[in-house]
Amino acid sequence: MIEAKAYAAPDANEKLAPWNFGRRDVGPTDVQIEILYCGVCHSDLAQINNEWFPGVFPMVPGHEIVGRVIATGKDVKHFTAGDLAAVGTLVNSCGKCGHCHDGLEQYCEVGPVPTYNGIDKYRDGLPTYGGYSNTIVTDESFTVHISEKLDLAATAPLLCAGITTYSPLKHWKVGKGHKLAVLGLGGLGHMAVKFGVALGAEVTILSTSPQKEADAKKLGAHHFILTKDPQQLEKAKGSFDFILDTVSAQHDFALYLSLLKADGIHICVGVVPEGINIPSFALLAGRKSVVGSGVGGIAETQEMLDFCAEKNIVADIEVIDIKNIHAAYDRMVKGDVRYRFVIDMATL
Ligand code: NAP
Ligand code: ZN
Ligand code: ZN
């Protein structure tokens with residue numbers, strides 16, 4: 001076993017604290033990464049708090065992992081020691097089903113293995129531990145390359161916030177001639193704005209936070225609507241082709257669906273733990289769709305990272321000391337994140 005250090009939640013709803021544990025030894029197709037930065041996703045907090053399902057504890061959160069390769073197995077073909085490398089939300093899948101075959105490992109029919117809060121049933125039946133740690137061992141087929149050109153800390157959030165917004169925009173071919181609304185300007189939302197603009201769409205931010213309006217232009221958005229202002233909403237009725245919804249709390253689907261044109265598509269990426277309530281008439285009137293999307297496959301994650309290197313796209317971040325993780329969570333819950341916290345792992 002490889003000795004590793006981390007911050008872990010000992011049990012559900014408990015505070016994270018330093019924890020020493022063992023990573024598996026580097027296998028023939030594995031790489032060992034020294035983790036330099038890890039992004040803080042709203043999903044980390046949801047899982048520590050058992051909001052989705054009973055978690056596996058102790059839990060080391062973190063699935064926006066970037067660092068350098070420090071060891072490689074004898075059969076590794078695509079990485080050498082010293083390379084930058086990154087790991088996102090998945091570390092394994094069955095590798096045999098139709099979805100795995102199509103590069104949709106996130107939708108593996110037998111079940112993908114999450115980077116943390118999961119059991120690697122295809123390998124050793126042991127729990128997986130995430131990126132709030134000094135090192136990780138992953139199969140090279142679930143490890144991606146990142147460009148030396150991009151700011152490393154600001155690249156970390158691309159591994160979840162980035163791919164989770166890039167994937168649906170590509171799938172539904174959002175681009176030139178489309179009006180895209182991004183609902184919720186947090187970690188995912190601000191990446192959706194950047195990708196929507198880069199793909200050529202006219203982008204509107206729908207936000208509950210008036211203080212974020214000043215950042216809208218800086219992020220490249222064309223318009224900003226304060227969703228607490230009924231007059232601003234009234235003007236936007238029937239105007240969008242797509243809404244990309246990143247909100248993790250109950251919200252009014254009748255209202256947001258009324259902002260779509262006929263045949264408009266409301267794409268849910270935010271997780272509302274207790275489920276959502278969609279009034280039938282809001283769908284019927286205008287033949288509208290509500291759809292969902294989960295992260296992205298490994299090849300698509302690499303494609304997104306290459307796209308970011310080409311277009312110089314990274315997240316807007318606030319780098320934190322790991323001991324301040326709970327203060328960061330508190331601010332995230334209040335919507336006070338500009339626009340992703342990233343842990344400097346040197347502080348571990
Ligand atoms: P975040 O940084 O906390 O951003 C969420 C934003 O939503 C907030 O900043 C806020 O923006 C807005 N918001 C919060 N509560 C709201 C409410 N009650 N009504 C309206 N707007 C509200 O979170 P994140 O990391 O981007 O994650 C967003 C969601 O996506 C979480 O549920 C997370 O678990 C989920 N997620 C899903 C996937 C996937 O595969 N589909 C992947 C990663 C994360 P404003 O201040 O602008 O209103
Ligand atoms: Zn995430
Ligand atoms: Zn599969």
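Remember, it's 1-based here, ligands and their atoms both numbered in the order they're listed. Treat the numbers as computed from the prediction; the structure is a model and nothing was measured.
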Indicate, with yes or no, if the rings of His178 and Phe240 have centres closer together than 6.0 Å.
-> no

Electrostatic pair Lys334-Asp336, nearest N-O below 4.0 angstrom = no

In degrees, rounded to 10 degrees, what angle do Cys94 atom SG and Cys108 atom SG make at the Zn ion (ligand 3)?
-> 100°

Quick check, are the ring centers of Trp19 and Tyr129 under 6.0 angstrom apart?
-> yes

Taking the six-membered ring where the residue is Trp, are the ring centres of Phe195 and Tyr166 under 6.0 Å apart?
-> yes

At a 4.0 angstrom heavy-atom cut-off, ligand 1 is contacted by Cys41, His42, Ser43, Trp52, Cys160, Thr164, Gly184, Leu185, Gly186, Gly187, Leu188, Ser207, Thr208, Ser209, Lys212, Thr246, Val247, Ser248, Ala249, Val269, Gly270, Val271, Ser293, Gly294, Val295, Met332, Gly335, Val337, Arg340

Hey, is the Zn ion (ligand 3) within less than 2.8 Å of some N/O/S atom on Cys97?
-> yes

Check the pair Glu300, Ser167 against side chain to side chain donor-acceptor pair (under 3.5 Å), reporting the backbone distance first and the verdict last.
-> CA-CA 7 Å; Glu300 192 176 39; Ser167 181; 2.7 Å; yes

Let me know which of Thr72, Thr143, Thr138, Asp139 forms a side-chain contact (heavy atoms from CB on, under 4.5 Å) with Thr29.
-> Asp139

In terms of side-chain geometry, is the basic nitrogen of Asp124 or Arg24 positioned less than 4.0 Å from the acidic oxygen of its partner?
-> no

If you have a sec, read the angle at the Zn ion (ligand 2) from His63 atom NE2 over to Cys160 atom SG, to 10 degrees.
-> 110°

